[in-house]
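Inspection log for the structure reproduced underneath, given as structure tokens.
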Amino acid sequence: MARPTQISQVLLNLLNNSFDAIEERAEKWIRVRFEINSNKKILIIKVTDSGDGIPNEIVHKMMNPFFTTKDIGKGTGLGLSISKGIIEEHGGHLIYNAQSKNTEFVVELPILA
């Protein structure tokens with residue numbers, strides 16, 4: 001029941017953010033994992049990169065419209081805000097996993113039978 005183009009937009013945004021964040025790092029990797037939680041009837045998509053996470057002072061602002069840490073001309077600050085809205089329109093959640101040792105975003109989408 002999802003709109004594939006919109007879900008693709010979210011994943012592309014998360015991947016682009018990861019790419020930008022690890023561009024200058026010695027160790028560069030991005031992992032995308034898909035899981036199904038049959039009990040909760042949700043699809044879980046985890047986008048993890050080799051970054052060290054996001055500073056606490058940024059976490060509470062990063063999904064606000066027009067908030068960015070990128071250089072001028074590199075980002076608008078709309079990607080995470082729009083992505084969050086798309087996932088919520090699909091009845092799901094976009095979450096930053098602060099418990100991960102690397103930088104990880106988690107998308108949860110309901111599975112409709």
Side-chain angles (χ1 to χ4, degrees):
M1 299 301 294
R3 291 176 289 286
T5 303
Q6 290 184 335
I7 301 303
S8 295
Q9 180 182 355
V10 170
L11 291 176
L12 186 59
N13 178 62
L14 293 174
L15 290 168
N16 282 335
N17 284 350
S18 286
F19 180 81
D20 290 344
I22 65 172
E23 190 172 19
E24 302 294 322
R25 295 184 64 89
E27 181 182 0
K28 299 177 182 92
W29 55 263
I30 300 170
R31 179 182 308 126
V32 180
R33 291 178 291 169
F34 296 84
E35 304 169 11
I36 293 177
N37 183 321
S38 299
N39 295 333
K40 293 184 179 181
K41 294 187 178 178
I42 57 172
L43 169 66
I44 301 165
I45 306 168
K46 295 180 179 181
V47 178
T48 311
D49 66 48
S50 58
D52 295 327
I54 297 171
N56 288 333
E57 62 271 11
I58 293 174
V59 169
H60 71 281
K61 306 186 267 192
M62 69 183 172
M63 293 201 199
N64 292 344
F66 303 108
F67 178 81
T68 185
T69 59
K70 295 180 182 179
D71 293 336
I72 293 173
K74 188 113 175 158
T76 62
L78 291 173
L80 283 176
S81 173
I82 289 171
S83 294
K84 183 176 187 268
I86 288 170
I87 296 303
E88 288 176 352
E89 285 174 14
H90 282 78
H93 304 281
L94 174 60
I95 306 157
Y96 167 67
N97 180 7
Q99 306 306 313
S100 175
K101 82 172 203 174
N102 296 105
T103 308
E104 182 174 79
F105 284 86
V106 179
V107 174
E108 295 181 347
L109 292 167
I111 296 172
L112 303 176

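Side chains of Leu78 and Pro65 form a contact here, defined as non-hydrogen atoms less than 4.5 Å apart. In this structure, Leu15 and Val32 have side chains that are in contact, with non-hydrogen atoms separated by less than 4.5 Å. In this structure the side chain of Leu14 reaches within 4.5 angstrom of the side chain of Leu94, judged on heavy atoms. By the 4.5 Å heavy-atom criterion applied to side chains, Lys84 and Met62 are not counted as neighbours. At least one side-chain heavy atom of Ile82 sits under 4.5 Å from a side-chain heavy atom of Gln9. In this structure, Tyr96 and Thr103 have side chains that are in contact, with non-hydrogen atoms separated by less than 4.5 Å. Counting only heavy atoms from C-beta outward, the side chains of Glu89 and Arg3 approach each other to under 4.5 Å. Ile42 is not listed as a side-chain neighbour of Ile36, based on a closest heavy-atom distance of 4.5 Å or more.
Within the model, atoms CD1 of Ile86 and CG of Asn13 stand 8.5 Å from one another, a figure rounded to the nearest 0.5 Å. Between Glu104 atom CD and Ile95 atom CD1 the span is 10.0 Å, to the nearest 0.5 Å.
Residue Glu23 qualifies as enclosed at atom CD: its count of foreign heavy atoms under 6.0 Å is above 12. The environment of CZ in Phe66 is sparse: at most 12 heavy-atom neighbours from other residues, nucleotides or ligands sit within 6.0 Å. The local environment of NZ in Lys28 is crowded, with over 12 non-hydrogen atoms from other residues, nucleotides or ligands closer than 6.0 Å. Remark: His90 NE2 is packed, more than 12 non-hydrogen atoms of other residues, nucleotides or ligands lying under 6.0 Å away. Counting heavy-atom neighbours within 6.0 Å of Glu57 CD, excluding the residue itself, gives a total above 12.
Phe105 and Ile30 fall within a single hydrophobic cluster, where Ile, Leu, Val, Met, Phe, Trp and Tyr side chains are chained together by heavy-atom contacts under 4.5 Å. Val106 and Val47 fall into different hydrophobic clusters, where Ile, Leu, Val, Met, Phe, Trp and Tyr side chains are chained together by heavy-atom contacts under 4.5 Å. Ile111 and Val107 fall within a single hydrophobic cluster, where Ile, Leu, Val, Met, Phe, Trp and Tyr are joined by side-chain heavy atoms under 4.5 Å apart, directly or via other members. Side-chain heavy atoms closer than 4.5 Å link hydrophobic residues (I, L, V, M, F, W, Y) into clusters, and following such links, possibly through other members, connects Leu80 to Val59.
Looking at Asp52, Asn17, Asp49 one by one, the single match for side chain to side chain contact (heavy atoms under 4.5 Å, CB included) with Ile22 turns out to be Asp49.
Shown here for Glu27 and Ser50, the closest heavy-atom pair between the two residues is O-OG, 2.7 Å. The shortest non-hydrogen separation linking Glu35 to Leu43 is O-CD1, 3.3 Å.
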- request: Check the pair Leu109, Ile7 against side chain to side chain contact (heavy atoms under 4.5 Å, CB included), reporting the backbone distance first and the verdict last.
  value: CA-CA 10 Å; Leu109 292 167; Ile7 301 303; 4.0 Å; yes
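No donor-acceptor distance shorter than 3.5 angstrom exists from the side chain of Asn102 to the backbone of Thr48, with no hydrogens or angles considered.
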